[in-house]
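The structure appears right after this line, and notes come after that.
This is a predicted model, so every value here is computed, not measured.
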Amino acid sequence: MADLSHVLKAAMRRRHLSVQGLADRTGIRTPRVRVFVQDGAGGPVPPTEQELRELAEALDLPLTELLPGALAGAG
């Protein structure tokens with residue numbers, strides 16, 4: 001099961017998006033997106049379900065691809 005951080009990095013790389021670009025697409029504050037990308041779901045700032053939905057939509061990923069990584073990081 002892929003870590004949220006790895007899934008986000010790979011999807012951002014495929015779409016040529018920076019942290020700022022992803023933040024602009026989702027409306028999630030840039031520092032929060034940066035933490036998700038660097039630390040995944042196990043970092044000091046875990047993503048909410050709404051944020052995961054916004055990230056999945058912005059990166060054109062199925063939500064199920066982000067949720068397992070987020071759940072693994074939270075445990």
Side-chain angles (χ1 to χ4, degrees):
M1 180 175 349
D3 179 276
L4 177 64
S5 172
H6 292 99
V7 172
L8 289 175
K9 286 176 186 175
M12 288 169 63
R13 194 170 25 254
R14 281 192 304 269
R15 284 161 184 73
H16 306 285
L17 279 175
S18 65
V19 169
Q20 180 66 51
L22 184 55
D24 290 345
R25 279 186 169 202
T26 61
I28 301 170
R29 293 183 50 223
T30 303
R32 287 185 67 82
V33 174
R34 186 175 298 114
V35 169
F36 303 155
V37 171
Q38 290 175 352
D39 300 329
V45 182
T48 65
E49 185 175 333
Q50 179 62 34
E51 288 170 330
L52 290 172
R53 289 180 190 283
E54 291 172 9
L55 290 167
E57 185 177 323
L59 294 169
D60 196 29
L61 296 171
L63 184 58
T64 55
E65 193 167 335
L66 290 183
L67 281 177
L71 295 175

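V33 pairs in a side-chain contact (heavy atoms from CB on, under 4.5 Å) with only one of the listed residues (V35, V37, T30), which is V37.
Here E57 does not pair with R53 in a salt bridge; the nearest charged N to carboxylate O distance is not below 4.0 Å.
Residues L66 and L8 are in side-chain contact: their nearest non-hydrogen atoms beyond the backbone lie under 4.5 Å apart.
A donor-acceptor pair is defined here as one N or O able to donate and one able to accept, closer than 3.5 Å; such a pair exists between the side chain of R15 and the backbone of L59.
Summarising the geometry, atom CG belonging to L63 is positioned 7.0 Å from atom CD belonging to E49; distances are rounded to the nearest 0.5 Å. In this structure, R25 CZ and E54 CD are separated by 13.5 Å, a value rounded to the nearest 0.5 Å. Separation of atoms CG (L52) and OG1 (T64) is listed at 12.0 Å; rounding is to 0.5 Å. Annotation: the span from T26 atom OG1 to Q50 atom CD amounts to 10.5 Å, rounded to 0.5 Å.
The minimum heavy-atom distance linking A23 with R29 is given by the pair CB-C, 4.3 Å. For D3 against G40, the heavy-atom pair with the smallest separation is OD1-CA, 3.9 Å. Pairing each heavy atom of M12 with each of V19, the nearest pair is CE-N, 3.5 Å. Across P47 and A41, no two heavy atoms sit closer than the pair CD-CA, 3.9 Å. When all heavy atoms of I28 and F36 are compared, the pair lying nearest together is CG2-CE1, 4.3 Å.
With sequence neighbours left out, R32 forms a salt bridge (Lys or Arg N to Asp or Glu O under 4.0 Å) with E51.
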